[in-house]
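Lettering of chains follows the sequences in order, A, B, ..., and the numbering in each one begins at 1.
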Protein chains: 2
Amino acid sequence: MKNGPDIAEVAALIGDPARANILAALMSGKALTASELAAEAGVTRATASSHLSKLQNGGLLAARSQGRHRYFTLANAEVGNVLETLMGLAARQGQLRTRTGPKDVAMRQARVCYDHLAGDLSVRMFDSLTSAGVFAHGPKGLGLTDAGRARMVEFGIDFTPLDSARRPLCRSCQDWSERRSHLAGGLGAALLSRFYDLNWARRVPDSRVVTFTPKGVRAFNEAFPLA
Amino acid sequence: MKNGPDIAEVAALIGDPARANILAALMSGKALTASELAAEAGVTRATASSHLSKLQNGGLLAARSQGRHRYFTLANAEVGNVLETLMGLAARQGQLRTRTGPKDVAMRQARVCYDHLAGDLSVRMFDSLTSAGVFAHGPKGLGLTDAGRARMVEFGIDFTPLDSARRPLCRSCQDWSERRSHLAGGLGAALLSRFYDLNWARRVPDSRVVTFTPKGVRAFNEAFPLA
DNA sequence: TTCATAGTTCGATCTTAATCGAACCATCGC
DNA sequence: GCGATGGTTCGATTAAGATCGAACTATGAA
């Protein structure tokens, strides 16, 4: 009778409001302490601690102790992907909700998805790179063509840490606002931090929003033109 | 404090074991009656009815009454996508579970994802079509090139119902077993039913598994060769 | 009409788990 | 050493909701 793995278990973990708030806060990619997450979830430290251990036990969170603090992050990008997908569904069938707030617009344009970029800009980048022949489908999943790799090197991506990591280089991730995929994986993360380094973009504190400077937008569009 | 839509709500809906069983059963794409779903979830008709109304209310299920029966299906392919993604996560972090059962192998190769094909074969098809230049990324999402459309027509796809439907033609859907995307949307559904028509594949009753005949596999590999 | 089956509604029961305060442990700063 | 802060554990409380049987409605069959 039973075949598939226990989808109910993980859904139930996400299904509690306090835990959902914790997970949503961690979608920013920043590591947060237990107290910060308690505040974020609007709950005492005691209950937050309970939730955090459950989430960690369920494989959704990773924790590392540092001094007397305990920093939590999403266990991996896959968890972020699931959360994005769920947000997409929730947004869709809550059709009657207020559509576009001012902050909402910024979120739709560019936001952090755990450790890489999501939103309109990210989707456009993915399209641009795809039609430029940067990606190749291999037996191990999405990969880079030789030309694509060269182009990324030229853009300033350092492949040495990426190649030695056991994390896949390219991965597609469902986008929350657009109904498309964007680039995740090690390369996706590296590109986002490259944007920061180039001063094209900056994080808005306490938010998933990423703002691009005017210069940054121009450069971005030039680097990733639409076909 | 609140921005994103209520992810916890939908997750909680999926998080109950009985409801998860109901949803899993409907991933087969078949419309099932309330009693059948009650049996599937291992619960009385009374409780099933309660669950079903909650799921429908939450926008996850669609129902249509026919005679004294009430047939339920997933509300749309997006819901199927979310369930697949969740299964992927659940499978991954339930690492210790028995890996590959015999039925599991068949599931990984080819299965129904609500109304289109998923699994290894489906991913390979998506790759093949992609590198053959069938798809184009437009502002409205994934689309077909002229050549791609011609090729699909030649393969026997009738576009008249697809073009008039408000459902998007091409959509990517996260794959449960592979960590990749495969083709969903109207075209994905049309291709699957075309495979049935050509007698390449057949549904295994009471299961999501799709078995390809030896002839079907040959023809499939010929029609969608790997680059 | 009468009976059977599909499905929903209702009320009652019962289990689960979220929550908090308080006590407790660990680490840092002094 | 001593206090202060971050975090977990424990016990008790409480609220939510999953479950069932029984009554009720509606459709179809005889």
Original post:
How far does the helix from dT1(C)-dA30(D) to dC30(C)-dG1(D) bend, going by the axes of its first and last five pairs, to the nearest 10°?
Top reply: 30°
Original post:
Contact class for T33(B) vs. all strands (heavy atom < 4.0 Å): base, sugar-phosphate, or nothing?
Top reply: sugar-phosphate
Original post:
Would you say a side-chain N or O of K54(B) is under 4.0 Å from OP1 or OP2 of dG17(D)?
Top reply: no
Subject >> Shortest side-chain distance from V43(A), nucleotide among dA18(C), dA18(D), dC20(C) >> reply: dC20(C)
Original post:
Are D175(A) and R111(A) within salt-bridge range, i.e. N to O under 4.0 Å?
Top reply: yes
**OP:** Give R45(A) one of three labels, base, sugar-phosphate or nothing, depending on what nucleic acid heavy atoms sit under 4.0 Å from its own.
**Re:** base
Subject >> Polar side-chain atom of Q56(A) near backbone of L61(A) as donor-acceptor pair, under 3.5 Å >> reply: no
Original post:
Between the side chain of T85(B) and the main-chain N/O of N81(B), is any donor-acceptor distance below 3.5 Å?
Top reply: yes
**OP:** Check step by step if side-chain hydrogen bond (donor to acceptor under 3.5 Å, both in side chains) holds for T211(B) and R202(B).
**Re:** CA-CA 5 Å; T211(B) 49; R202(B) 205 171 305 120; 5.2 Å; no
**OP:** State which of dT19(D), dT8(D), dG6(D) makes the closest approach to the side chain of A18(B).
**Re:** dT19(D)
Subject >> Separation of atom CG in D16(A) from atom P in dA18(C), rounded to whole Å >> reply: 5 Å
Subject >> Under-4.0 Å salt bridge between K30(B) and E36(B) >> reply: no
Subject >> ring pair (Phe, Tyr, Trp, His ring centres under 6.0 Å) partner of F212(A), chosen from W200(A), Y196(A), F220(A) >> reply: F220(A)
Original post:
When you look at H116(A) and S122(A), which way does the side chain to side chain contact (heavy atoms under 4.5 Å, CB included) test go after all the steps?
Top reply: CA-CA 9 Å; H116(A) 56 271; S122(A) 183; 5.7 Å; no
Original post:
Hey, does A46(B) reach any base, or is it just sugar-phosphate, or nothing, if we go heavy atoms under 4.0 Å?
Top reply: base
**OP:** Could you say whether R68(A) or T44(A) is positioned toward the 5' end of DNA chain C, judged by the nucleotide with the nearest heavy atom to each?
**Re:** T44(A)
Original post:
Considering only dA18(D), dA4(C), dT9(D), which nucleotide approaches the side chain of S49(A) most closely?
Top reply: dT9(D)
Subject >> Selected nucleotide, minimal atom distance to H51(B) side chain, candidates dT19(C), dA18(D), dA6(C) >> reply: dA18(D)
Original post:
Heavy atoms under 4.0 Å, any strand shown: does A48(A) hit a base, just sugar-phosphate, or nothing?
Top reply: nothing
**OP:** Give S35(B) one of three labels, base, sugar-phosphate or nothing, depending on what nucleic acid heavy atoms sit under 4.0 Å from its own.
**Re:** sugar-phosphate
